Amino acid sequence: MPELPEVETTRRGLAPLLTARRIVALHVHDARLRWPVDPALPAQLRGQSIRAVERRAKYLLLRLDRGTLILHLGMSGSLRVLPAGTPRLAHDHLDLLLDDGRLLRLNDPRRFGCCLYTEAAPETHPLLRHLAPEPFDPAFTAAALHALTRRRRVTIKQLLMNGRLVTGVGNIYASEALFRAGVRPGRAARSLTRAESTRLWRAIRTVLRLAIRAGGTTLRDYVNPAGSPGYFRQKLYVYERAGQDCRRCGTPIRALVHGARSTYYCPQCQQ
DNA sequence: ATGGGCACCTGGCTGC
DNA sequence: TGCAGCCAGGTGCCCA
């Protein structure tokens with residue numbers, strides 16, 4: 001799925017199309033997502049206007065008049081804005097009909113995504129409450145990242161992918177950030193020096209920023225709201241490049257598995 | 001508190 | 001050609 005850059009690209013694509021639009025109806029074609037779509041949801045949303053399209057970690061938040069729609073794209077989800085009446089394809093789950101004759105359509109083959117609604121402050125929602133600060137929030141500093149790594153026995157890659165500690169970084173960008181920082185993914189988090197933590201902090205922000213600029217990374221499913229893929233895949237240094245030459249030093253990239261997730265690194269550039 | 005492993009799904013690819 | 005096996009961008013939950 002979509003990691004932070006793909007969700008942010010989606011948010012930026014949706015915001016101008018959805019902001020100030022009124023919801024005419026919600027059609028649920030297939031309620032089976034990570035959690036079933038609440039049968040009461042269409043009645044709750046009808047008539048509300050979309051005030052803002054925000055993002056928290058990898059969640060999209062549609063701020064409505066009375067509440068917030070919380071969307072997650074899971075591993076394979078995507079959102080498109082289409083003219084009403086566009087024929088449905090396999091795995092189209094939801095259509096949010098808008099007052100301008102368009103609709104917001106959620107497609108998610110693997111059904112790991114979700115669509116939830118709350119009328120409480122979204123930051124208090126159980127799914128959002130424990131999330132770490134955003135990578136571009138002033139609270140996420142090199143010193144804060146270094147402090148997180150102290151006394152932790154998990155690998156630094158697993159730490160990066162733990163949303164309670166760092167948000168927005170998934171399997172692709174964890175490998176890419178560690179390459180840029182020159183740190184091997186299998187290192188115990190607590191073994192990082194302050195200088196390494198600082199390099200990693202900078203690398204996380206750089207790789208996310210560059211990926212957003214490229215419209216995210218499309219491996220298989222991901223498309224932005226206009227239906228276009230992201231172009232960061234061509235800029236990846238290590239992810240899915242096992243056996244290929246390191247772009248920096250020429251050494252073959254290695255792959256290994258951490259916590260059931262594929263990990264890629266350059267044995268020469270990363271120590 | 002921390003960490004490990006499993007679970008939830010479908011589809012696409014590989015190799016026999 | 002068919003089919004089994006494996007892998008895929010996330011993350012909540014249960015258990016030690």
Side-chain angles (χ1 to χ4, degrees), chain A residues 1-11 29-37 55-60 70-79 89-93 106-116 125-132 147-178 185-191 204 207-208 211-212 214-224 229-243 255-264:
Chain A
M1 150 166 280
E3 303 183 33
L4 185 149
E6 294 73 39
V7 180
E8 177 62 19
T9 300
T10 298
R11 190 198 69 76
H29 308 296
D30 184 351
R32 297 174 304 162
L33 289 170
R34 176 155 200 185
W35 297 284
V37 179
R55 179 187 57 72
R56 176 71 177 105
K58 300 171 193 169
Y59 292 91
L60 275 169
I70 302 173
L71 297 167
H72 197 288
L73 301 179
M75 291 276 263
S76 59
S78 57
L79 286 163
L89 301 174
H91 312 301
D92 283 340
H93 289 263
L106 172 68
N107 181 281
D108 186 1
R110 290 177 70 183
R111 296 198 253 133
F112 288 169
C114 67
C115 175
L116 303 170
H125 191 279
L127 291 177
L128 307 183
R129 195 186 312 165
H130 301 290
L131 292 172
L148 284 177
T149 63
R150 299 303 84 188
R151 293 174 18 185
R152 287 195 184 261
R153 313 180 94 91
V154 284
T155 66
I156 186 60
K157 177 170 183 257
Q158 288 171 307
L159 184 148
L160 292 183
M161 293 175 63
N162 180 342
R164 292 185 175 214
L165 304 176
V166 176
T167 59
V169 179
N171 206 36
I172 298 176
Y173 301 113
S175 281
E176 293 297 311
L178 286 161
R187 291 264 302 278
R190 61 179 182 175
S191 77
I204 290 166
V207 76
L208 293 177
I212 291 168
T217 303
T218 296
L219 298 177
R220 280 160 275 276
D221 303 305
Y222 174 74
V223 290
N224 70 19
Y231 296 104
F232 196 67
R233 187 176 194 177
Q234 298 142 251
K235 309 218 171 137
L236 297 174
Y237 279 94
V238 291
Y239 190 82
E240 281 198 334
R241 295 196 66 244
L256 48 76
V257 175
H258 279 144
R261 311 303 296 278
S262 295
T263 302
Y264 303 86

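Note that the structure is a prediction, hence the values are computed from the model and not measured. To find a chain, count down the sequence lines: A is the first, B the second, and so on, and within it residues start at 1. All values below were derived from every heavy atom in this structure, side-chain atoms included, with hydrogens, water molecules and symmetry-related copies excluded.
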Trainee: Report yes if some heavy atom in the side chain of Leu60(A) is under 4.5 Å from a heavy atom in the side chain of Val7(A); otherwise report no.
Mentor: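 With C-beta onward as the side chain, the pair touches.
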Trainee: Nearest heavy-atom pair of Asp221(A) and Ser76(A): which atoms, and what distance?
Mentor: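 That closest heavy-atom pairing would be OD2-CB, 3.3 Å.
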Trainee: Does Tyr173(A) reach a base, just sugar-phosphate, or nothing at all? Heavy atoms under 4.0 Å.
Mentor: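 If one applies the 4.0 Å heavy-atom cut-off, Tyr173(A) turns out to touch nothing in the nucleic acid.
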Trainee: Is the shortest side-chain N to carboxylate O distance from Arg233(A) to Glu240(A) below 4.0 Å?
Mentor: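 Salt bridge flag = yes for Glu240(A) with Arg233(A).
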Trainee: How would you label the contact of Phe232(A) with the nucleic acid (heavy atoms, under 4.0 Å): base, sugar-phosphate, or nothing?
Mentor: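 No contact.
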Trainee: In whole Å, what separates the P atom of dT11(C) from that of dA1(B)?
Mentor: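 The answer is 23 Å between these two P atoms.
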Trainee: Expressed in whole Å, how much space separates the P atoms belonging to dC9(B) and dC13(C)?
Mentor: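 dC9(B) and dC13(C) have their P atoms separated by 15 Å.
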Trainee: For Asp221(A), answer base if it contacts any base atom (sugar-phosphate contacts may also be present), sugar-phosphate if it contacts only those atoms, and nothing otherwise; contact means non-hydrogen atoms under 4.0 Å.
Mentor: base
Trainee: Could you walk me through whether Lys58(A) and Thr167(A) pass side chain to side chain contact (heavy atoms under 4.5 Å, CB included), step by step?
Mentor: CA-CA 8 Å; Lys58(A) 300 171 193 169; Thr167(A) 59; over 6 Å; no
Trainee: Which dot-bracket notation, 5' to 3', represents the base pairing of DNA chain C when pairs are defined as Watson-Crick or G-U with both distances under 3.5 Å, crossing pairs as [ ], and inter-strand pairs as |?
Mentor: .|||||||.|||||||
Trainee: Between dG10(C), dA8(C), dG3(B), which nucleotide gets closest to the side-chain atoms of Val154(A)?
Mentor: dG3(B)
Trainee: Walk along nucleotides 8-13 of chain B from 5' to 3' and tag each nucleotide B, S or - by protein heavy-atom contact under 4.0 Å, base first, then sugar-phosphate.
Mentor: BBBS--
Trainee: Just to be sure I understand the rule, does Arg261(A) reach a base, reach only the sugar-phosphate, or reach nothing, if contact means heavy atoms closer than 4.0 Å?
Mentor: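 Touches a base.
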Trainee: Would you say Arg152(A) reaches dA1(B)'s phosphate, i.e. side-chain N/O to OP1/OP2 under 4.0 Å?
Mentor: no
Trainee: dG10(C), OP1 or OP2 - any side-chain N/O from Tyr222(A) closer than 4.0 Å?
Mentor: no
Trainee: Under the side chain to side chain donor-acceptor pair (under 3.5 Å) test, which residues partner Asp30(A), sequence neighbours left out?
Mentor: Arg32(A)
Trainee: Quick one: is dG10(C) close enough that its OP1 or OP2 comes under 4.0 Å of any side-chain N or O from His72(A)?
Mentor: no
Trainee: Name the orientation class of the two ring planes belonging to Tyr59(A) and His72(A) (parallel below 30°, tilted from 30 to 60°, perpendicular beyond 60°).
Mentor: perpendicular
Trainee: Do other residues, nucleotides or ligands put more than 12 heavy atoms under 6.0 Å from the CZ atom of Arg150(A)?
Mentor: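 Check passes, neighbour count above 12.
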